[in-house]
Engineer: 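Have a look at this one.
Keep in mind it's a predicted model, so treat the numbers as computed, not measured.
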Amino acid sequence: MNPYQDLPSPSQAEAANLASIYGLENHGLTNLHRAYWNLPTASLYEESVFRGESRISHLGPMVVSTGKHTARAAADKFIVHENSTASRVWWGEYNRPFSAEKFSALFTRMQGFLQGRDVFVQDCYAGVDPDYRMPIRIVTEKAWHSLFARNMFMKIRSTEELKRHVPEFTVICAPSFQASPIIDGTRTETFIIINFAQRLALIGGSSYGGEIKKTIFTVLNFLLPLEGVLPMHCSANVGAEGDVALFFGLSGTGKTTLSADPARSLIGDDEHGWSENGIFNFEDGCYAKVIRLSPEAEPQIHACTRRFGTILENVVLDPLSRRLDLNDDALTENTRGAYPLDYIENYLPPKMAGHPHNVIFLTCDASGVLPPIARLTPDQAIYHFISGYTSKIAGTEIGLGVEPVITFSTCFGGPFMVHHPYAYAEMLKARLLKHGAVCWLVNTGWTGGAFGIGKRISIRYTRALLHAVLSGKLQGVNFRTDPVFRFEVPTACEGVPEQILDPASTWGNADEYRRKYQALAARFIDNFQLMKDGCPAAIVESGPQLAPVNSW
């Protein structure tokens, strides 16, 4: 039963004012206590506080706790195995099959669970390009999740459009509802299950907001390539001359931080499509890590943690002063902020731009051996895109400890890629060649030794390298060919010590550096064995080549 049914909630009188004619009964949701439709930010604040879901911090952000799940439950994501997915999905570690019968039974139990309860509905769009945008509906048990969806996806401003909204995909998120692994066939009580045949996704057992946004991203990763659009786990910005840059990378590699450049306009911070028209954002908001944010190093993102409308997940809050401590990781290393894109001063209002001039792969090399930047040939770019090498940073997924974990996440977003990696890689290569984009590998990880011995590459140096790339100055310097990976490494860059550009010179023991570098190359080769089926020989041969240490 709903614990608030005898108390009038702040927005009760307006709950159905912005309801779509296409009601929740079309999703099998009946006998609800009350549905709150398309509430604005202020109303969702009131509802969330009224229900004890959140606290309001100094200067206005909403602070929430996501409970036991402070990161994505990647191992609990499933895709229903049916006619439309059977031969198209790349089944395996990231795309686990789930039977249609089990899905129906689980959904029936969730429908029963929601009876007599309040739900919140946000009708919006995924994708800003009118040629490819998808009408979606996010139904949530919690008010703050409704605000999360409102922050992250394209809002509908017209009352008439809201009333006529018919979703092409619906997500139902009920964290209080837990699966029974024995009955439902899930791995744990937590589940994220996508059913493409029914255009429906179910989330239960987790309050982590990122599950909602990444579910929609996974949906787009399956559907958009069928329309000739490349979906990408990347941020994007554009210079005054219209030069677009893409930044691929997993959480913790600097994707959000480095794309929020005051000298360039931000298109978006996480998920984009590349169509024949150019680049377009999938979202209307940003979802950034905020642990140890510095107003000096990340001024724009830091400012968002001081604004009304921002949701802060698992950030420590002083109960009396209501001031934040962004340095406190007592709840998780993966503290997050979800805020509208227009909170970034230099965002690009259309959230669309032309074709990229530069494509940047961000990798956090915890072994400390990769150079801070390297220029890739198109075939090398595809090899590294399919490989997706980086180090997972503490807290971004359940089970990660304090130390970074070396990983290969294909297409720099493996858990969200539904087709075989080469399907996305082939689309990327065609676009790189057609539009003459230059591809770079940028290491934001360690130098002078592995994690625990070396130190993280200064963000000041990374920014200087990116400035040289985006201004075109780096193309005019001398490059050396790396003896193992065979990509090209600049020998000089204004504002960056030459020693930093040559990682071997930052290590105390050159032979130890070479052994570590060879070991990393071997891991690349072993990993690519899992991907090489279906890849042209030229791509396979563009990877590293092992050589005796004394031959360098």
Engineer: Using 0.5 Å steps for rounding, measure from the CD atom of E25 to the CG atom of L29.
Structural biologist: 9.0 Å

Engineer: Would you call H165 and E161 a side-chain contact if the rule is heavy atoms closer than 4.5 Å?
Structural biologist: no

Engineer: Counting only N and O atoms by type, is there a donor-acceptor contact under 3.5 Å from the side chain of R431 to the main-chain atoms of W274?
Structural biologist: yes

Engineer: Could you check whether T66 and S207, counting side-chain N and O atoms only, form a donor-acceptor pair closer than 3.5 Å?
Structural biologist: no

Engineer: Applying side-chain contact (heavy atoms from CB on, under 4.5 Å), name anything that partners S409, two or more places apart in sequence or on another chain.
Structural biologist: Y94, L250, P415

Engineer: Test of understanding: with side-chain contact (heavy atoms from CB on, under 4.5 Å), list the residues that count as partners of S542, not counting sequence neighbours.
Structural biologist: D379, Q380, Y383

Engineer: How long is the gap from CZ on F479 to CD1 on I373, to the nearest 0.5 Å?
Structural biologist: 7.5 Å

Engineer: What pairs meet the side-chain hydrogen bond (donor to acceptor under 3.5 Å, both in side chains) rule with one or both residues in residues 196-206, with sequence neighbours excluded?
Structural biologist: none

Engineer: Distance-only, no hydrogens or angles: does the S391 side chain make a donor-acceptor pair with backbone N or O of A366 under 3.5 Å?
Structural biologist: yes

Engineer: Taking the six-membered ring for Trp, are F196 and F222 ring centroids under 6.0 Å apart?
Structural biologist: yes

Engineer: Counting only N and O atoms by type, is there a donor-acceptor contact under 3.5 Å from the side chain of T335 to the main-chain atoms of N314?
Structural biologist: no

Engineer: Side chains of R137 and H27 only: does a donor on one sit below 3.5 Å from an acceptor on the other?
Structural biologist: yes

Engineer: Would the distance check show the side chain of Y36 and the main-chain N or O of V121 forming a donor-acceptor pair, the cut-off being under 3.5 Å?
Structural biologist: no

Engineer: Can you list everything that forms a ring-ring contact (aromatic ring centres under 6.0 Å, His included) with H81? Sequence neighbours excluded, please.
Structural biologist: W91

Engineer: Is it true that R72 and E211 have a side-chain N and a carboxylate O under 4.0 angstrom from each other?
Structural biologist: no

Engineer: Can a donor-acceptor pair be found, under 3.5 Å and without considering hydrogens, that links the side chain of Q122 to the backbone of L39?
Structural biologist: yes

Engineer: Looking at R150 and P40, would you say the former's side chain and the latter's main chain have a donor-acceptor pair under 3.5 Å?
Structural biologist: no

Engineer: Name the residue from I212, I203, V64 that meets the side chain to side chain contact (heavy atoms under 4.5 Å, CB included) definition with H145.
Structural biologist: I212

Engineer: Taking H355 for the side chain and E276 for the main chain, is one N or O donor matched with an acceptor at less than 3.5 Å?
Structural biologist: yes

Engineer: What are the two closest non-hydrogen atoms of L220 and A126, and how far apart are they?
Structural biologist: CD1-CB, 4.0 Å

Engineer: Table please: side-chain donor-acceptor pairs of residues 524-532 below 3.5 Å, with sequence neighbours left out.
Structural biologist:
from, atom 1, to, atom 2, distance (Å)
Q529, OE1, K532, NZ, 3.0

Engineer: Report yes if the side chains of V442 and L465 come closer than 4.5 Å at any heavy-atom pair, otherwise no.
Structural biologist: no

Engineer: For Y125 and E168, run side-chain hydrogen bond (donor to acceptor under 3.5 Å, both in side chains): C-alpha distance rounded to whole Å, both residues' side-chain angles, the deciding distance at 0.1 Å, then the answer.
Structural biologist: CA-CA 10 Å; Y125 290 104; E168 292 182 8; over 6 Å; no

Engineer: Checking A288 now: which residues fulfil side-chain contact (heavy atoms from CB on, under 4.5 Å) with it, not counting sequence neighbours?
Structural biologist: T256, I301, Y339

Engineer: Within the structure provided, determine whether N281 and M352 are in side-chain contact (heavy-atom separation under 4.5 Å).
Structural biologist: no

Engineer: So, using side chain to side chain donor-acceptor pair (under 3.5 Å) as the criterion, who are the partners of E93 when residues are at least two apart?
Structural biologist: none

Engineer: Holding to ring-ring contact (aromatic ring centres under 6.0 Å, His included), I want the full list of residues that pass it with F282, two or more places apart in sequence or in another chain.
Structural biologist: F280

Engineer: Roughly how far, to the nearest 0.5 Å, is OG1 of T390 from CD1 of I406?
Structural biologist: 9.5 Å

Engineer: If you take all heavy atoms of P340 and N151, which pair is closest and at what distance?
Structural biologist: CG-OD1, 3.7 Å

Engineer: Tell me whether R463 at atom CZ has more than 12 heavy atoms from other residues, nucleotides or ligands lying less than 6.0 Å away.
Structural biologist: yes

Engineer: What I'd like to find out is whether the side chain of I539 reaches to under 4.5 Å of the side chain of I382, using heavy atoms alone.
Structural biologist: yes

Engineer: Check each of D342, D269, D284 against K351 using the salt bridge (charged side-chain N to carboxylate O under 4.0 Å, His left out) test, and report the only one that passes.
Structural biologist: D284

Engineer: Would you please say whether a donor-acceptor pair under 3.5 Å links the side chains of E82 and S84?
Structural biologist: yes

Engineer: Can you classify the ring geometry of W144 versus F148 as parallel (below 30°), tilted (30 to 60°) or perpendicular (above 60°)?
Structural biologist: perpendicular

Engineer: Donor-acceptor pair, N443 side chain versus L370 backbone, under 3.5 Å?
Structural biologist: yes

Engineer: Side-chain contact test, heavy atoms from C-beta onward, threshold under 4.5 Å: evaluate it for M110 versus I172 and give yes or no.
Structural biologist: yes

Engineer: Do F103 and F98 have their ring centres less than 6.0 Å from each other?
Structural biologist: no

Engineer: By the salt bridge (Lys or Arg N to Asp or Glu O under 4.0 Å) test, which pairs, at least two apart or in different chains, include something from residues 255-267?
Structural biologist: D243-R264, K255-D270

Engineer: For the backbone of T444 and the side chain of T462, can you confirm whether one donor and one acceptor N or O come within less than 3.5 Å of each other?
Structural biologist: no

Engineer: Kindly write out the residues that satisfy side-chain contact (heavy atoms from CB on, under 4.5 Å) with K77, not counting sequence neighbours, or none if the list is empty.
Structural biologist: N95, I192, T218

Engineer: I need the C286 SG to R336 CZ distance, nearest 0.5 Å.
Structural biologist: 11.5 Å

Engineer: Centres of the F78 and F191 rings: under 6.0 Å?
Structural biologist: no

Engineer: Would you say CZ of R88 has more than 12 non-hydrogen atoms from neighbouring residues, nucleotides or ligands within 6.0 angstrom?
Structural biologist: no

Engineer: What heavy-atom pair brings P350 and V128 nearest, and what distance separates the two atoms?
Structural biologist: O-CG2, 3.5 Å

Engineer: Please identify each residue that fulfils ring-ring contact (aromatic ring centres under 6.0 Å, His included) with H467, with sequence neighbours left out.
Structural biologist: none

Engineer: Working to the nearest 0.5 Å, report the span between SG of C173 and CD1 of I138.
Structural biologist: 9.0 Å

Engineer: Counting only N and O atoms by type, is there a donor-acceptor contact under 3.5 Å from the side chain of N195 to the main-chain atoms of V80?
Structural biologist: no

Engineer: Is any NZ, NE, NH1 or NH2 atom of the basic residue among E271 and K214 found under 4.0 Å from an Asp or Glu carboxylate oxygen of the other?
Structural biologist: yes

Engineer: So which atom in F412 and which in G249 form the shortest heavy-atom distance, rounded to 0.1 Å?
Structural biologist: CB-N, 3.9 Å

Engineer: What closest approach, in Å, do L266 and S259 show between heavy atoms, and which atom pair accounts for it?
Structural biologist: CD1-O, 3.6 Å

Engineer: Please state whether the rings of F385 and F248 are parallel, tilted or perpendicular, taking 30° and 60° as the class boundaries.
Structural biologist: perpendicular

Engineer: Can you say whether the rings of Y389 and F408 are parallel (under 30°), tilted (30 to 60°) or perpendicular (over 60°)?
Structural biologist: tilted

Engineer: Are side-chain N/O atoms of D123 and Y22 paired as donor and acceptor at under 3.5 Å?
Structural biologist: no

Engineer: In Å, rounded to the nearest 0.5 Å, how long is the span from CG of N38 to CG of L162?
Structural biologist: 4.5 Å

Engineer: Which donor-acceptor pairs under 3.5 Å do the side chains of residues 421-428 make with protein atoms, sequence neighbours left out?
Structural biologist:
from, atom 1, to, atom 2, distance (Å)
Y424, OH, N221, O, 2.9
Y424, OH, V418, N, 3.0
Y424, OH, H419, N, 3.0

Engineer: Measure across T188 and A179 and return the closest heavy-atom pair with its distance rounded to 0.1 Å.
Structural biologist: O-CB, 4.1 Å

